[in-house]
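Input: a single structure, listed below in structure tokens.
Everything numeric here is computed off the predicted structure, so don't read it as measured data. Counting convention: from 1, in listed order, for ligands and their atoms alike. Hydrogens, waters and symmetry mates are skipped; everything else that's a heavy atom, side chains included, is used.
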Amino acid sequence: MSSWSEEGPLDLSAMGITQVPRHVAVIMDGNGRWATHRGLPRVMGHKAGADAVRRVLRTAYRLGVSHLTLYAFSEQNWGRPQEEVTRLMELLLHHIRSEQVELMERGIRFQGMGSLERLPPEILAELRDFEARSSSNADMTLTLALSYGGREEMVRAARQLAEEVAAGRLRPEDINEERFKQHLYLPALPDPDLLIRTSGELRVSNFLLWQIAYAELYITETLWPDFGEEEFAEAVRQYGRRDRRFGLTR
Ligand code: FPP
């Protein structure tokens, strides 16, 4: 891959992009089908998916997206065959390690989101170490949702609030959206403006259920390993044409 700085920022008006979403979240689906269509083992689809991650991260960065959140592994994915889970974890560890120099050079902050304590200790240690070292990077934030589930996140928040009430530190009438949000995994993460889902399924699959309340959706038939610069730019172009009303009139 050529250096990002050599490529520089993209010319948005030439690309027909009128507005860049601050936060793009992505459900990266279709790795398995991509591999199966080629008669390859599923893990090859995940490997090709990791290449797509690099392309999309680079494009998001060059477009000026400040937050990119990727659904890399759901709570439910633990139920996949052990062999696939192991290979996915190896792949994640490899990429968390191999991308660090590049991300640090670009000023990208890295963070994990989810029931991270369920991850293998080696991955958790690497992730925490990279989170700490990249914590003052301010050009962009890359968040990997790992062992993540939206319902699990909200149940956890509800439990924490209930504990505060039970301990007499909080009155039920003081629970509001802002207070609830403070108990999500990453309270400081802005809500996604744009949610991209690949491989054509019309569902949100337990991803960022609280945070996507007003996200614009871009759903494409393209399988994740085939998703690249052009289509990411197309999603952003379409986002610029949407009329976001947040429940209000125009
Ligand atoms: C969904 O495809 C994809 C995943 C469960 C894993 C996502 C992982 C990667 C893109 C690779 C590594 C990621 C990083 C951040 C380096 P699927 O297997 O559900 O596809 P299918 O629906 O066709 O079976």
Side-chain angles (χ1 to χ4, degrees), residues 1 24-61 65 67-104 106 108-116 118-120 122-124 126-128 130-131 134 140-150 152 186 195-208 219-229 231-232:
M1 190 172 85
V24 179
V26 189
I27 301 175
M28 311 182 287
D29 195 19
N31 293 349
R33 271 162 287 171
W34 183 93
T36 307
H37 293 167
R38 287 165 176 73
L40 298 169
R42 289 177 59 84
V43 67
M44 295 306 288
H46 297 314
K47 276 195 174 159
D51 293 337
V53 167
R54 304 181 86 216
R55 291 196 295 271
V56 164
L57 173 63
R58 184 169 49 161
T59 310
Y61 178 87
V65 169
H67 294 267
L68 180 68
T69 300
L70 304 174
Y71 204 5
F73 194 84
S74 73
E75 284 269 21
Q76 288 65 36
N77 286 156
W78 291 114
R80 291 194 174 195
Q82 187 55 48
E83 164 76 8
E84 184 173 344
V85 171
T86 304
R87 299 301 297 275
L88 257 173
M89 289 295 143
E90 285 168 3
L91 200 61
L92 284 165
L93 181 60
H94 171 77
H95 282 280
I96 292 171
R97 281 189 177 141
S98 66
E99 300 303 318
Q100 288 187 16
V101 171
E102 189 96 52
L103 297 186
M104 290 301 287
R106 303 274 71 84
I108 298 175
R109 179 179 186 186
F110 172 85
Q111 55 188 2
M113 175 187 206
S115 307
L116 303 177
R118 292 188 72 187
L119 293 171
E122 199 187 358
I123 299 191
L124 183 57
E126 189 74 35
L127 187 135
R128 290 296 188 214
F130 190 31
E131 279 182 340
S134 68
M140 183 182 185
T141 299
L142 170 65
T143 304
L144 279 195
L146 288 168
S147 189
Y148 176 84
E152 289 81 353
L186 298 174
L195 173 67
I196 296 174
R197 175 163 194 148
T198 59
S199 95
E201 315 291 354
L202 303 176
R203 50 181 176 257
V204 294
S205 298
N206 206 17
F207 189 41
L208 304 177
I219 297 178
T220 172
E221 293 288 331
T222 306
L223 303 177
W224 176 251
D226 293 327
F227 193 86
E229 290 90 342
E231 200 166 1
F232 188 83

Self-check item: Any residue meeting side-chain hydrogen bond (donor to acceptor under 3.5 Å, both in side chains) with Gln82, in chain and number order, not counting sequence neighbours
Solution: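 Listed in chain order: Thr86.
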Practice problem: Only counting residues at least two apart or in another chain, list the ones meeting ring pair (Phe, Tyr, Trp, His ring centres under 6.0 Å) with Trp34. | Solution: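 Residues passing ring pair (Phe, Tyr, Trp, His ring centres under 6.0 Å) with Trp34: none at all.
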Self-check item: Phe232: ring pair (Phe, Tyr, Trp, His ring centres under 6.0 Å) partners, not counting sequence neighbours
Solution: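 Ring pair (Phe, Tyr, Trp, His ring centres under 6.0 Å) check on Phe232 returns nothing, list empty.
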If every non-hydrogen atom of [X] is compared with every non-hydrogen atom of [Y], which pair is closest and at what distance?
X: Val204; Y: Ile27; result: O-CD1, 3.5 Å
X: Met113; Y: Tyr148; result: O-CB, 3.7 Å
X: Glu201; Y: Ile219; result: O-CG2, 3.8 Å

Is there any protein N/O under 3.5 Å from an N/O of ligand 1, and what does the full list of such pairs look like?
residue: ligand 1; atom: 2 (O); partner: Gly30; partner atom: N; Å: 3.4
residue: ligand 1; atom: 2 (O); partner: Asn31; partner atom: N; Å: 3.3
residue: ligand 1; atom: 18 (O); partner: Arg42; partner atom: NH2; Å: 2.9
residue: ligand 1; atom: 18 (O); partner: Arg80; partner atom: NH1; Å: 2.9
residue: ligand 1; atom: 19 (O); partner: Asp29; partner atom: OD1; Å: 3.3
residue: ligand 1; atom: 19 (O); partner: Arg80; partner atom: NH2; Å: 2.7
residue: ligand 1; atom: 20 (O); partner: Gly30; partner atom: N; Å: 3.3
residue: ligand 1; atom: 20 (O); partner: Asn31; partner atom: N; Å: 3.2
residue: ligand 1; atom: 20 (O); partner: Gly32; partner atom: N; Å: 3.0
residue: ligand 1; atom: 22 (O); partner: Asp29; partner atom: OD1; Å: 3.0
residue: ligand 1; atom: 22 (O); partner: Arg33; partner atom: NH2; Å: 2.9
residue: ligand 1; atom: 23 (O); partner: Gly32; partner atom: N; Å: 3.4
residue: ligand 1; atom: 23 (O); partner: Arg33; partner atom: N; Å: 2.7
residue: ligand 1; atom: 23 (O); partner: Arg33; partner atom: NE; Å: 2.8
residue: ligand 1; atom: 24 (O); partner: Arg42; partner atom: NH1; Å: 3.1
residue: ligand 1; atom: 24 (O); partner: Arg42; partner atom: NH2; Å: 3.1

